[in-house]
Structures are given as C-alpha cells and as structure tokens.
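Working notes, beginning with the structure itself.
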2 protein chains.
Amino acid sequence: MHYEIPAPSIPQLRRIPPFDLLADGALHRLLSGSKLIRAERGEILAQAQDVATSIHIVLDGEVRCVLLSPSGNEKLLRLVGAGDLYGEEAALLGRHYMATVQAQRQTRLLVVPVAAFRHAMAETAAFAQAITMRLAAAAYELMAHLQLCVQLNSTQRVAQYLAQLAPEDAERWEIHLSSDKQTIAAQLNLTPETFSRVLSRFAREGLIRTEGRRRVVLDKLSQLRNCAAQ
Amino acid sequence: MHYEIPAPSIPQLRRIPPFDLLADGALHRLLSGSKLIRAERGEILAQAQDVATSIHIVLDGEVRCVLLSPSGNEKLLRLVGAGDLYGEEAALLGRHYMATVQAQRQTRLLVVPVAAFRHAMAETAAFAQAITMRLAAAAYELMAHLQLCVQLNSTQRVAQYLAQLAPEDAERWEIHLSSDKQTIAAQLNLTPETFSRVLSRFAREGLIRTEGRRRVVLDKLSQLRNCAAQ
DNA sequence: CGTAGTGTTGAATAAGGTCAAGCATTGTGG
DNA sequence: CCACAATGCTTGACCTTATTCAACACTACG
C-alpha cells in the first residue's frame, strides 16, 4: 500500500450511502481514526485468516473478494466498486476474514476502525438501521450465491446469469458483459473452458449470438429462462 | 398447521435471546400481533418464492431450512432448534424466501409480523444491535458454508466436518453424531452414498472407527486435519 | 420374527475439470 | 500503419470425481 495518511475530512464520503446519514460531527468522529490507503492492481488488502479490525470503504477503483481453497482454487464472491464497502460482518463479529481481498486495479480506500464504526452506529440510529439492512442483503445475496453454485448445473447457471441481465418481459436483448469472461466464469464457479463451451452450445442452438469479446445478443430469452429453471 | 391463536404473552420468550433485551411493554407490543402455530413433522412452514412477511421463532421442536433446486435436489442450509429464529433477512428486506422451511418434528412456533419486529428494533437499541449481530453472524456462516460446499472435495469436506467436532488440541476424540448420516450428508452437500464411502475409506486407513450408527471414534485427528486442509 | 428405515457397497454413467494446442483480439512500439 | 507480443478465448482429448441405480445388510422397534 502506497501511502497511509489520516483522513479527518473526506467530502467525498458525504455522498456515499450509508454515510450520508451521519451528521457532520458524527462523520468527523468516524473519520478521525480512519486512514486513507492506495493499492495497486493485484495487491492484497486482507488475507483470509487475518482478524478483521476495520471496515473498508472503496472510494474509487475496484477490489475483488475471493474464497481461496487449500488447493489454490479461487472462487469470486463479489466485486466491490466505488462507494461500496466490505468487511462489516467479520469486523463487527471480531472474527477473521473468510475471503481474501485483492485490488482489481488502482484503488483508494478508507479504512475505518471497527470501534469508530460501532460508535457511529450507536450514535445515529438511521445509520445503524442502514447497516442492518446491508447485512440482511448480504446474507440474502450469499444464499442466492449458494443456490446458484451448489444446486444448478453449468447450463442452468449460465442461462440464469444471462437471463437476469435482461428486463423481465423482453424476448430479445443485447448485453455488454461487465467484465471479461474469465471473471464471469469465476463468479459462476465455472472454469473459463466450461463457460465457453456452454456459451457456444447456446449459440449453436440459436439461443444467443456472441459478437466480439464482450457483446452478447440474447435472441430467445424465453427459452433461456426455461433452461435456467429446469 | 394445527392451530393459530393470538399470543399476547408468552413467558417462555423472556428467556430467549435476543428477546430478553426487550422491556415488558415492548415485548407485549411485539407479541400483540403475533400468532402461535403448531406444525407436525414434514409440514411446510414457508415456501421459497413466498414473500416473507414475518419472523418465525422456534419455541420447541426443530425446523430445517433447505434450498430446493428446479430438479428437486435439496441442500440443507441449517437446522433451527428451540430458541432460535429464522426469516429475518427476507422479512426485513420484504423479499421472498430463498429457502423452503419444513418442520423436522412436532414444533411450536411464534410468528411475528415484520412491522412489529421493526418497531421493536426502533424502540430498543440493544435489541436492534443484537439483531444486527445475528445478521452479521448469519452472513459469516453462509460464507463458511459456501467455502465448504464450493471449494472442497468430498474427502476434505468430511474431514473438516469431523475435525471441527473435536477440541483443537485433541488427537483422539469420540463423537456422537447430532443427526442421522443422511442429514449430515445433506449439510455437506453430499449424497448419503458418497458420505458413506468417504467414512469407510477413513476407517480403512485407520483414521477413524465407526461404532454403531451414531458413534465415531476419531483416532488420528492430526491426519484428519491434514486431510481437510490440503 | 418381520418390517421399515437406514446404511453400505458395486458397477455404470455423466458432468466438469485439466492439459494442451491453436485462434482471435487488443494494445504497444517502431 | 504494421509487426509483434500479450492476453484472452475456443476447442478437443482425456481423466477425475461424484452421482445414479440397484442390490443387499444392518438396526431398531413393534
């Protein structure tokens, strides 16, 4: 990490929910013990097994939370972009991280000690409530993740992933992939090879067309949805 | 469900955390809209896809939360015993359940409408904080679950499961399985057959001995731990 | 003693992963 | 603008792993 300076006042933070709920004084107190750090692509920001002592807020850039297996296999849990935060669960519980956190590209983060965070929650009920809802949403997302990865086969996973990127009622939709295919494969807990094979099978069956590296045309969304829910 | 009556005052609930944090008045208000229901073994208490409108507290008995796949496959998420509750995430978010909930045996539950629950949280900060910590713990558990089911192979999963039932420093330990082997297999996202095969391989290699149906002697815990973390 | 529920074992199968080769796309420096 | 490297993507052959199906054994309980 390139530099680490106190961050007593970050006007940027005012606009990032849930920190917009804090009054000036509360925000200042929260930030008085915080540090601003910068990380380059690939840098490790938190190791699984480290005890979490702070909450990290991504100001700009992007970080990836991955689960590492003993055999070196990695599974992408989520991408955290600007304005988002991570580490609440582990830090609030005072346990070690489950995931390893790595900068995806050059990233600036705010590191808030958990004590200050807890204090802000005690001080501002609306803030505490927002955090509670975030945690509920996180648990909910994880259940969805578990269902996707544990229960569905590769075809269903890919179909579901593609279908959910289009509006509910559409039959044809053109999408631009938000990351490269390896990353998407990792989110779906597939190898790039398997992901590629499923896509080309869908293409052969006329359900989709891939144009270039990141453009996919979903031609038969109803069939795709059917594929996912079968 | 056999009967459904108002439950304005349940002395039992005073002792169940986090409800012990509520003052008399708050507890009464929470319960005034609640219902007491009884379910027989096998009864479905909540379907995935139902919108969650209440939090369920298990007074006695046991329920299982399972993820159902389109193909009918089921994965056990957790068992909820007396004094525990479920449905907070979905109900607080106002979304549908991810899991299907089924009574494992005869069970009495308290059904608390989410509005009353939210009101109690707003009214009593300590209660809200306890709920927040529960949600953090739930998210944390789910990540552990995800790591176990997605990343480890069957051998590692079983080894890890067995090893964690013994104290950290022991080398030999005798355990009594808390449920039947099918249920444990479901928790580990394995078929009963695969689970049985792994156990008998461990037995053949002298790492464990199974005595009767529910008794397992872990003879070489260090090797077992090694097996899990490899 | 018989039955239902539970656990074990084997053989066949299918699904994905791994390895390796080659093609395509993007970006860079001359 | 082109050559080239680097990276990402695709495809095929093969292999590992766990599931499925089926038969059978064990246990508990009436």
Side-chain angles (χ1 to χ4, degrees), chain A residues 41-42 64 69-76 104-105 148-162 176-205 208-216 227-228 230, chain B residues 41-42 69-76 104-105 148-162 175-205 208-216 227-228 230:
Chain A
R41 175 182 168 87
R64 357 183 285 135
S69 79
S71 52
N73 208 320
E74 58 181 51
K75 149 110 195 79
L76 182 59
Q104 177 85 331
R105 40 194 159 99
L148 192 74
C149 289
V150 168
Q151 295 232 283
L152 275 41
N153 62 30
S154 57
T155 309
Q156 294 170 319
R157 270 179 268 174
V158 176
Q160 175 141 325
Y161 175 80
L162 292 176
H176 180 81
L177 301 178
S178 58
S179 12
D180 52 25
K181 294 190 183 173
Q182 305 178 67
T183 303
I184 293 170
Q187 279 180 68
L188 299 173
N189 201 34
L190 295 172
T191 57
E193 291 96 327
T194 302
F195 184 53
S196 170
R197 278 186 248 269
V198 175
L199 283 184
S200 52
R201 198 173 70 244
F202 282 160
R204 213 175 311 128
E205 289 166 359
I208 66 170
R209 276 171 291 154
T210 62
E211 298 178 349
R213 186 167 279 186
R214 286 201 165 188
R215 191 140 230 97
V216 184
C227 224
Q230 183 194 23
Chain B
R41 174 182 168 87
S69 79
S71 53
N73 208 319
E74 57 181 53
K75 149 109 194 81
L76 182 59
Q104 177 84 332
R105 40 195 159 96
L148 191 75
C149 290
V150 167
Q151 294 230 283
L152 274 42
N153 62 29
S154 58
T155 310
Q156 295 170 319
R157 269 179 269 175
V158 176
Q160 174 140 324
Y161 175 80
L162 292 176
I175 56 181
H176 180 82
L177 301 177
S178 58
S179 9
D180 53 25
K181 294 191 182 172
Q182 305 178 66
T183 303
I184 294 170
Q187 280 180 68
L188 299 173
N189 201 35
L190 295 172
T191 56
E193 291 96 325
T194 302
F195 184 54
S196 169
R197 278 186 250 269
V198 175
L199 283 183
S200 51
R201 199 173 68 243
F202 282 160
R204 213 175 312 127
E205 289 166 357
I208 66 170
R209 276 171 292 153
T210 61
E211 298 178 349
R213 186 165 280 187
R214 285 201 165 187
R215 193 142 226 96
V216 184
C227 224
Q230 184 195 25

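Below, chains carry the letters A, B, ... as their sequence lines are ordered, and counting in each starts from 1.
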Closest contact, heavy atoms only, B:Gln156 versus B:Cys227: CG-O, 3.5 Å
Considering residues, nucleotides and ligands other than B:Arg41, do more than 12 of their heavy atoms fall under 6.0 Å from its CZ? no
From CZ of B:Arg157 across to P of D:dA18 the rounded distance in Å is 7 Å
Between A:Gly212 and A:Asn189, the residue closer to the 5' end of DNA chain C by nearest nucleotide is A:Asn189
So what does B:Thr194 hit on the nucleic acid, given a heavy-atom distance under 4.0 Å: a base, only sugar-phosphate, or nothing? base
5' priority, DNA chain C, between A:Arg213 and B:Glu193 [closest heavy atom]: B:Glu193
Atom-pair distance (CG on B:Leu190; P on D:dT17), nearest Å: 14 Å
Minimum heavy-atom separation for B:His176 and B:Arg215, please, with both atom names. ND1-NH1, 3.4 Å
D:dA28 C1' sits how many Å from B:Arg214 CZ, rounded? 12 Å
From CG of A:Asp180 over to C1' of D:dA6, roughly how many Å is that when rounded to an integer? 14 Å
B:Ser154 side chain near D:dA18 phosphate (N/O to OP1/OP2, under 4.0 Å): yes
Nearest non-hydrogen partners of B:Pro70 and A:Ala228, listed with the distance: CG-O, 4.1 Å
With a 4.5 Å limit on heavy-atom distance, are the side chains of A:Ser179 and A:Gln187 in contact? yes
Value for CZ (A:Arg157) from CG (A:Leu148), rounded to nearest 0.5 Å, stands at 6.5 Å
B:Arg197 side chain near B:Ser154 side chain, heavy-atom distance below 4.5 Å: no
Expressed as a whole number of angstroms, how long is the span from A:Phe202:CZ to D:dT11:P? 15 Å
Selected nucleotide, minimal atom distance to B:Arg197 side chain, candidates D:dT20, D:dT11, D:dA18: D:dT20
Nearest-Å distance, CZ (B:Arg215) to C1' (D:dT27)? 16 Å
Which is the 5'-most and which the 3'-most nucleotide of DNA chain C that has an atom under 4.0 Å from a heavy atom of chain B? C:dG5 to C:dA11
Have a look at A:Gln182 and say if it touches a base, only the backbone sugar-phosphate, or nothing, with a 4.0 Å heavy-atom cut-off. sugar-phosphate
Atom NZ of B:Lys75 and atom C1' of D:dT19: how far apart are they, to the nearest Å? 16 Å
